[in-house]
Amino acid sequence: MNFEELHSDMNKQIETKELFETSKMYAYDYMDKAKTMDVFPSRDSLAMLDDLSEPMPGSPCQPEEILRLLHETGSRNTVAQTGGRYFGFVNGSATPVALAAKWLADVWDQNTALYVISPIAAKLEDLCEKWLAELFGLPSGTAAGFVSGSSTAIICGLAAARNELLQRQGWNVTEKGLFGAPQIRVVVGEQAHSSVWKALSLLGIGKENAASAPVDRQGRIRMDALPHIDGSTLLIVQAGNVNGGAFDPIDDLCCTASKAGAWVHVDGAFGLWAAACENKRHLTMGIEKADSWSVDAHKTLNAPYDCGIVLCKNRQALTNAMQSAGSYLQYSESRDGMLYTPEMSRRARSVELWATLKYLGKSGIDELVNHLCAMTERFAEGLVKNGFVVENEVVFNQIVTRCSNPDGTAGLLEKIQASGKCWCGGTVWNGEPAIRISVCSWQTTAKDIDECLRLFANL
Ligand SMILES: *Cc1c(COP(=O)(O)O)cnc(C)c1O
């Protein structure tokens, strides 16, 4: 096919919509199966992935064939996290309206770098920024950057913190870099998420330059053992430990930090949503005293991937850290998204975030968080009744459990993962192998939990 033929072929695809109808049909088929299909692909399914292996194609392929391959080989090799029995990592499902909005936004194919590239994306980012600050009870005027997930959001928050703390010592990181810079102190909980350590490494700080704050058995920073905090300190706290879901004593930590003039970043990837829930708000008490926050919409909120947010009280600190200049860039009076993120070109993830927030509203988000927590409690209570040990204080959506006999835990986890009926991940909890359960999907019902409990008891 020469380009003229390709061009007319593609235009025909747009005119007839046949491809899109096919895609829609496959998508509907998947939606219908997602609740009942194996949560993790079977061995036979996984073997089919080899069918996709081929050298880089030399010439064009029929688009129908591409979609057929994706559906027949791809769909069965997905992890059914949009169903109700996936409890791995902290993986949310997706609300239907967000998916539908995302489909539309995919057709728009917007680049959200600048207002002049996408006024609608800029408007929705603006709205989401305000709504999120209100939902979490953060100071009005808090700035938000819309990124792929918490890993990137943490990098942004810590970059703003690092630059601001050094600026206060008369050092401009943007101009001078880090070589020869004055010291800043970093204090971080011993059980900080791995993405915090990655961010510290990317930002030129490194593990050895961070003082680790001792934690209790739940992974919460211990106030009685808190390393020295001074005006040059970046203190990183956690709203939601990735294993047990525990929250650091954020209010106490923020009070200590604010007396010293330190910067506090809150990693609230899934736990910050507690602040949007009446019954759980006590867990995040004091977060408004922090300086920056990172949170995922693709976890607790059940927005589709990828949807993370960095929030920063000092707008200028964030935009200074993310600044970039080029003769062809046209900044506007309205919001230019790239001033808040490391990326220039980005997809319009604010579309599905906005759709989810607008669909649920404050009361719906409150209900969603309550539901996830109630399902978690049901799971934990059932486990204890069946003789399992629940290691963590179940305060949010996370459970760490193990068999009464430690040798059984690894074997049970393997059987659960191979069952296709439910999927949980493993972890190490205070030195012992354990199974971690994260209830993060709006789809999870009491029936799902009870089925999983039977599975745990009978495998
Ligand atoms: C998931 C998670 C992260 C990383 O978030 P991504 O969206 O996967 O990049 C960071 N911190 C905590 C506590 C998490 O649970």
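The figures that follow rest on heavy atoms only: side chains count, while hydrogens, waters and symmetry mates do not. First listed ligand is number 1; within each ligand, the first listed atom is number 1. Along the sequence shown, the residues carry numbers beginning at 1.
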Please list every donor-acceptor pair under 3.5 Å in which a side-chain atom of residues 352-360 meets a protein atom from a residue at least two apart or in another chain.
from, atom 1, to, atom 2, distance (Å)
Glu352, OE2, Arg347, NH1, 2.8
Glu352, OE2, Arg347, NH2, 2.8
Thr356, OG1, Glu352, O, 2.7

For ligand 1, output the ligand-protein N/O contacts shorter than 3.5 angstrom; if there are none, return none.
from, atom 1, to, atom 2, distance (Å)
ligand 1, 5 (O), Asp296, OD2, 3.3
ligand 1, 5 (O), Lys299, NZ, 3.4
ligand 1, 7 (O), Ser150, N, 2.9
ligand 1, 7 (O), Asp296, OD1, 3.1
ligand 1, 7 (O), Asp296, OD2, 2.7
ligand 1, 7 (O), His298, NE2, 3.0
ligand 1, 9 (O), Ser150, N, 3.4
ligand 1, 9 (O), Ser151, N, 2.8
ligand 1, 9 (O), Ser151, OG, 2.6
ligand 1, 11 (N), Asp267, OD1, 3.1
ligand 1, 11 (N), Asp267, OD2, 2.8
ligand 1, 15 (O), Lys299, NZ, 3.0

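Checked against side-chain contact (heavy atoms from CB on, under 4.5 Å), Ala210 has the following partners two or more places apart in sequence or in another chain: Val186, Val188, Trp197, Leu200. For Arg168, the salt bridge (Lys or Arg N to Asp or Glu O under 4.0 Å) partners at least two apart in sequence or on another chain are Glu164.
We find that Lys385 and Glu381 are not joined by a salt bridge, their nearest charged nitrogen and carboxylate oxygen being 4.0 Å or further apart. Using a cut-off of 4.0 Å between Lys/Arg side-chain N and Asp/Glu carboxylate O, Arg76 and Asp38 are scored as not salt-bridged.
Counting only N and O atoms by type, the side chains of Asn77 and Ser45 include no donor and acceptor under 3.5 Å apart.
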